[in-house]
**Q** 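Pasting a structure below so you can have a look.
Treat the numbers as computed from the prediction; the structure is a model and nothing was measured.
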Amino acid sequence: QVQLVESGAELVQAGGSLRLSCAASSGTFSAYAMGWFRQAPGKEREFVAAISRRGDSTNYADFVKGRFTISRDNAKNTVYLQMNSLKPEDTAVYYCAAGRFFSELAFGSGSQNPDNYHYWGQGTQVTVSS
C-alpha cells in the first residue's frame, strides 16, 4: 500500500510559478513510476507528466511541454511538479499517482493512461487568476 499526499498548491497569477510536491509513505517508492494528472471542473481527468522509477525517463502532455518539469527524489520519497508560465486554463485539481511499469517501453507507451496507476493522492487545488 502506498499513500500519497500532495502539497504546494495555492492561488497564483497568470505567468507565475508553483512547485507541487507529492510525498509517498512507502519505502518502496523507488519501485514506482510517478505521474501527475489534473481535473478541471466539468472535464475529465487528464495526464500532465510522468517520470520513471529511476527518474531517467519523463513524459509530458503537449500542453505543458516547456512550462512544467517533473522530477523526483527517491531518498525523500517525493515527486515534484515545477510549473512555470502558468495560465488560467491550468486551473484544476492536481493529483499525483504511483504505478508500476515493467519496462521502459511499457512506461513510454502507458504512462499517460490513468488506468495504469494503482495509487492516488487526494488532490490539491491549483488556481491561476488572469
**Q** Side chains of Met83 and Ser17: closer than 4.5 Å at any heavy-atom pair?
**A** no

**Q** Please name the pair of heavy atoms, one in Tyr95 and one in Glu6, separated by the smallest distance, quoted to 0.1 Å.
**A** CA-OE2, 3.3 Å

**Q** Please list all pairs passing the disulfide (SG to SG under 2.5 Å) test where one or both residues lie in residues 20-130, with sequence neighbours left out.
**A** Cys22-Cys96

**Q** Judged by atom type as modelled, is there a donor-acceptor pair below 3.5 Å linking the side chain of Gln112 to the main-chain atoms of Phe47?
**A** no

**Q** Please step through side-chain contact (heavy atoms from CB on, under 4.5 Å) for the pair Leu81 and Phe68, ending with a clear verdict.
**A** CA-CA 7 Å; Leu81 185 67; Phe68 291 9; 4.2 Å; yes

**Q** What's the shortest heavy-atom distance between Gly8 and Leu20, and which atoms?
**A** C-CD2, 3.8 Å

**Q** Under the side chain to side chain contact (heavy atoms under 4.5 Å, CB included) test, which residues partner Thr91, sequence neighbours left out?
**A** Gln125, Thr127, Val128

**Q** For Gln3, look at atom CD and say whether over 12 heavy atoms of other residues, nucleotides or ligands are found less than 6.0 Å away.
**A** no

**Q** Got a sec, which residues hit side chain to side chain contact (heavy atoms under 4.5 Å, CB included) with Thr58, two or more places apart in sequence or on another chain?
**A** Ile51, Tyr60, Ile70

**Q** Backbone N or O of Thr78 within a donor-acceptor pair of the Asp73 side chain at under 3.5 Å?
**A** no

**Q** Can you find a heavy atom in the side chain of Glu104 that is under 4.5 Å from one in the side chain of Asp56?
**A** yes

**Q** Which heavy-atom pair separates Leu86 from Leu18 by the least distance, and what is that distance?
**A** CD1-N, 3.9 Å

**Q** Could you report the tightest heavy-atom contact between Ala24 and Phe29, atom names first, then the distance?
**A** CB-CD1, 3.4 Å

**Q** Hey, quick one: are Val48 and Val93 part of the same hydrophobic cluster, counting side-chain heavy atoms closer than 4.5 Å, chains of contacts allowed?
**A** no

**Q** Taking all atoms of both residues into account, what is the closest heavy-atom pair of Phe63 and Arg67, and its distance?
**A** O-NH2, 2.9 Å

**Q** Quick one, Arg54 and Arg72 - any side-chain contact, counting heavy atoms below 4.5 Å?
**A** no

**Q** Could you give me the CA-CA distance, side-chain angles and deciding distance for Ser71 and Gln82, then say whether side chain to side chain donor-acceptor pair (under 3.5 Å) is met?
**A** CA-CA 8 Å; Ser71 62; Gln82 178 67 43; over 6 Å; no

**Q** List in chain and number order the residues that pass side chain to side chain donor-acceptor pair (under 3.5 Å) with Asp62, two or more places apart in sequence or in another chain; answer none if no residue qualifies.
**A** Lys65

**Q** Rounded to the nearest 0.5 Å, what separation is found between the OH atom of Tyr119 and the CD atom of Gln1?
**A** 5.0 Å

**Q** On a heavy-atom basis, which atom in Val2 and which in Ser25 lie closest, and how many Å separate them?
**A** C-OG, 4.0 Å

**Q** Tell me whether the centres of the aromatic rings in Tyr117 and Phe101 are closer together than 6.0 Å.
**A** yes

**Q** Taking only distance into account, with no hydrogens and no angle test, what donor-acceptor pairs under 3.5 Å do side-chain atoms of residues 30-39 form with protein atoms, sequence neighbours excluded?
**A**
from: Arg38; atom 1: NE; to: Glu46; atom 2: OE2; distance (Å): 2.7
from: Arg38; atom 1: NH1; to: Asp90; atom 2: OD1; distance (Å): 2.9
from: Arg38; atom 1: NH1; to: Tyr94; atom 2: OH; distance (Å): 2.9
from: Arg38; atom 1: NH2; to: Glu46; atom 2: OE2; distance (Å): 3.2
from: Gln39; atom 1: NE2; to: Lys43; atom 2: O; distance (Å): 3.1

**Q** Could you list the residues that satisfy side chain to side chain donor-acceptor pair (under 3.5 Å) with Thr28, not counting sequence neighbours?
**A** Ser26

